[in-house]
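Just so you know, these numbers come straight off a predicted model, no measurement behind them.
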Amino acid sequence: MSEWWSIEVFDAAELPARRWKDSYQDKLTEAAVTFGAMSWEWHEHRYGVVFEVLFESDQQWEAFRALPAVRSALDGAPDPLNGLIIYRGRGGGAGPRKPRKPKPAPSASAMAMPEPTEERVLRLTVVTAPEAPEAPEAPEPAFAAG
């Protein structure tokens with residue numbers, strides 16, 4: 001199964017990655033083609049450069065990676081300790097090889113939230129007890145006892 005590999009080089013204060021690319025791109029591309037690369041691409045970003053190469057097998061990648069020309073190019077990176085990343089897959093934020101599976105929407109997204117309303121504020125500064133209601137008069141009997 002063929003796999004993409006990426007060599008990502010970041011800018012450094014004393015040497016931009018673009019100058020590194022200009023110095024080593026021909027050697028890296030020639031070495032990749034010689035060792036069976038099916039495809040290759042160079043990308044320039046605002047933070048550096050990425051060399052992506054597609055090999056048929058991991059053995060071809062390992063053979064390419066072990067070449068003295070490739071090792072010297074990697075050693076010649078502007079910051080070989082902190083500004084050089086080598087990894088499987090496409091580089092420069094290309095995303096995962098497999099698309100993400102969509103997650104179910106949270107149940108809160110099923111219904112719209114009510115719009116906020118003005119809060120009713122009661123200002124109670126003086127509290128008085130309500131007056132006691134008057135006692136009702138006793139009703140008069142409807143008929144007289146006699």
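- The backbone N or O of Asp58 sits nowhere less than 3.5 Å from a side-chain atom of Glu62 that would complete a donor-acceptor pair.
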Q: Start with the C-alpha distance between Glu3 and Glu56, add both sets of side-chain angles, then the distance that settles side chain to side chain contact (heavy atoms under 4.5 Å, CB included), and finish with yes or no.
A: CA-CA 7 Å; Glu3 289 283 342; Glu56 186 73 32; over 6 Å; no

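- Between the side chain of Ser6 and the backbone N or O of Tyr87 there is no donor-acceptor pair closer than 3.5 Å.
- With hydrophobic clusters built from ILVMFWY side chains whose heavy atoms lie under 4.5 angstrom apart, Ile85 shares a cluster with Tyr47.
- Phe55 CZ to Ser39 OG: the interatomic distance, rounded to the nearest 0.5 Å, is 11.0 Å.
- Between Arg18 and Asp11 the shortest heavy-atom distance is N-OD1, 4.3 Å.
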Going by atom type alone, with no hydrogens or angles, which donor-acceptor pairs under 3.5 Å involve a side-chain atom of residues 23-32 and a protein atom two or more places apart or on another chain?
{"unit_1": "Ser23", "atom_1": "OG", "unit_2": "Arg19", "atom_2": "O", "d": "3.0"}
{"unit_1": "Thr29", "atom_1": "OG1", "unit_2": "Gln25", "atom_2": "O", "d": "2.7"}
{"unit_1": "Thr29", "atom_1": "OG1", "unit_2": "Trp42", "atom_2": "NE1", "d": "3.3"}

Q: Given side chain to side chain contact (heavy atoms under 4.5 Å, CB included), test Trp5 with Leu54 step by step and report yes or no.
A: CA-CA 6 Å; Trp5 288 85; Leu54 177 66; over 6 Å; no

Q: Evaluate the side chain to side chain contact (heavy atoms under 4.5 Å, CB included) criterion for residues Trp4 and Val53: first the C-alpha distance (whole Å), next the side-chain angles of each, then the deciding distance (0.1 Å), finally the verdict.
A: CA-CA 6 Å; Trp4 282 96; Val53 62; 5.6 Å; no

Q: Show your reasoning for whether side chain to side chain contact (heavy atoms under 4.5 Å, CB included) applies to Glu8 and Glu52.
A: CA-CA 8 Å; Glu8 196 160 355; Glu52 299 172 341; over 6 Å; no

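- The minimum heavy-atom distance linking Arg90 with His43 is given by the pair NH2-NE2, 4.3 Å.
- Linking ILVMFWY residues whenever their side-chain heavy atoms come closer than 4.5 Å, directly or via other members, places Val33 and Ile7 in the same cluster.
- Of all non-hydrogen atoms in Trp20 and Ala73, the two that sit nearest each other are NE1-O, 2.8 Å.
- Residues Val9 and Leu15 do not share a hydrophobic cluster, clusters being chains of Ile/Leu/Val/Met/Phe/Trp/Tyr side chains in contact below 4.5 Å.
- Closest of all the heavy-atom pairs between Val50 and His45 is CG2-CD2, 3.7 Å.
- Counting all heavy atoms, side chain and backbone alike, Gly48 lies closest to Ala17 at CA-CB, 3.7 Å.
- Rounded to the nearest 0.5 angstrom, Leu74 CG and Leu84 CG are separated by 5.5 Å.
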